[in-house]
Amino acid sequence: MTDAYEALTANLAAADPEIERLIEAEGRRESEKIRLIASENYVSEAVMEATGSILTNKYSEGYARKRYYEGQQFIDEVEELAIGRAKELFGVDHANVQPYSGSPANLAVYLAFLKPGDTVMGMGLPMGGHLTHGWSVSATGKWFNAVHYGVRKDTGRVDLDEVAEIARRERPKLMICGGTAIPRTIDFEGFAKIAAEVDAILMADIAHIAGLVAGGAHPSPVGHAPVITTTTHKTLRGPRGAMIMTDADHAKAIDKAVFPGLQGGPHNHTTAAIAVALREAARESFRGYAAQIVKNAQALATALSDRGYDLVSGGTDNHLILVDLTSKEIGGKPAAKALDVAGIELNFNTVPFDQRKPFDPSGLRIGTAAVTTRGMTEGDMELVANWIDRAINAAKAEKDPELDAIAGEIREFCKAYPIPGWHA
Ligand code: DSN
């Protein structure tokens with residue numbers, strides 16, 4: 001066992017063996033499978049230690065030096081460190097590191113700048129957006145007048161002329177770019193021009209690509225979008241949490257919306273872990289990590305295309321690949337379930353203009369942030385594509401033993417790529 005794993009579970013085994021057993025089982029599962037969920041990663045042992053620290057004991061409603069509870073001598077410093085590191089890493093005027101996760105962060109932006117019924121414009125969920133970008137089942141779609149743009153059918157890419165046309169017609173107060181299933185570079189400058197023309201505030205949701213932006217592998221929205229939201233646990237490789245970064249003009253409204261508008265006390269253990277992750281992301285080696293994520297995604301995309309898989313937009317510029325399985329004559333859900341049995345973890349996903357339902361869609365979403373953390377490189381992506389193809393063919397032919405055989409091969413393969421915080 002590594003020291004970190006022992007340190008994190010030494011008392012748990014005696015105090016709550018049921019939970020300890022489940023954590024052990026999850027650790028084994030995470031280490032024995034190939035993780036291709038595009039929104040997941042493996043955090044460092046240092047991030048894990050901060051997350052599991054005594055900072056979880058402290059209430060600190062308010063902001064540094066302006067709290068509603070006493071005893072903030074060290075918590076204030078923790079939060080100020082996290083804020084300072086976010087500002088420096090991303091080059092922003094202001095950062096709020098208190099949102100509990102991505103959805104509350106996005107909701108805080110609505111609260112800061114909109115009134116119920118105001119118009120918001122985001123990418124449609126089935127086109128690659130996010131629930132909180134005004135989708136009908138989300139509070140953001142119920143309480144606001146949400147309008148959506150998508151991608152072109154022929155290219156699978158956002159068409160800024162179409163975005164501009166919708167924006168001129170609908171005059172949104174808030175425009176959102178970014179999403180959860182966008183395999184291509186986001187043109188922040190192009191969105192900013194449209195937002196300026198219709199007098200909308202532009203919000204860039206960079207949850208998926210924050211690590212790529214920090215590591216110089218994707219253009220930055222800074223200087224184009226005055227409000228930037230992100231989770232901290234995807235390509236950025238921090239704990240589960242979120243941040244809102246703004247220019248000076250939008251800082252005050254955001255802080256008021258997060259607290260007291262939407263939340264109570266921040267999760268200080270998470271804030272500390274965000275600070276640790278931001279320090280890690282500022283290292284030179286993180287630039288190499290970000291570049292390798294993209295190289296791996298492009299290698300995997302090529303290897304899948306070579307095996308006859310249709311990719312939305314034809315490939316990828318970032319960490320994410322969206323596979324349309326229509327021509328393979330299998331749904332995304334049965335394919336994802338078979339792949340899970342075979343030791344490859346990903347999620348079924350709608351593809352643009354999907355003819356199937358969201359809970360049984362045509363696509364698979366794949367991401368390379370987690371496998372890159374484990375040290376896998378382009379050559380490994382060829383193997384991964386081969387396993388994916390074999391498993392999908394086995395699922396179609398209902399050959400369960402083949403899925404088990406692949407899982408065994410992957411278990412062996414993964415031994416060469418240990419995950420942080422887990423014993424072999
Ligand atoms: N659930 C996240 C994702 O998987 O992309 C977005 O919130």
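In listed order, ligands and their atoms are each counted from 1. The first residue of the sequence shown is numbered 1, and numbering continues consecutively from there.
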Answer yes if the ring centres of Phe413 and Trp387 are under 6.0 angstrom apart, and no otherwise.
yes
Which ligand 1 atoms are under 4.0 Å away from a heavy-atom of Thr180?
5 (O), 6 (C)
Under the rule for side chain to side chain contact (heavy atoms under 4.5 Å, CB included), what residues qualify as partners of Asp255, not counting sequence neighbours?
Tyr63, His94, Asn96
Geometric N/O contact Lys234 with ligand 1, under 3.5 angstrom
no
For ligand 1, which atoms sit closer than 4.0 Å to a heavy atom of Ser39?
3 (C), 4 (O), 5 (O)
At a non-hydrogen distance cut-off of under 4.0 Å, which region of Arg365 contacts ligand 1 (side chain, backbone, both, or neither)?
side chain
Protein heavy atoms: any of them under 4.0 Å from atom 1 (N) of ligand 1?
no
Atoms in ligand 1 flagged as close to His208, the criterion being non-hydrogen separation under 4.0 Å
3 (C), 5 (O)
Kindly indicate whether a cation-pi arrangement holds for Arg35 with Tyr42, taking the cut-offs as under 6.0 Å to the six-membered ring centre and within 45° of the axis.
yes
NZ or CZ of Lys328 within 45° of Tyr309 ring axis and under 6.0 Å
yes
Sorted by chain and residue number, the salt bridge (Lys or Arg N to Asp or Glu O under 4.0 Å) partners of Glu409 (sequence neighbours excluded) come out as Arg390
With distance as the sole test, does Thr235 use its side chain to make a donor-acceptor pair with the main-chain N or O of His208 at under 3.5 Å?
yes
Pull out every atom of ligand 1 sitting under 4.0 Å from any heavy atom of His130, numbered as shown with elements.
6 (C), 7 (O)
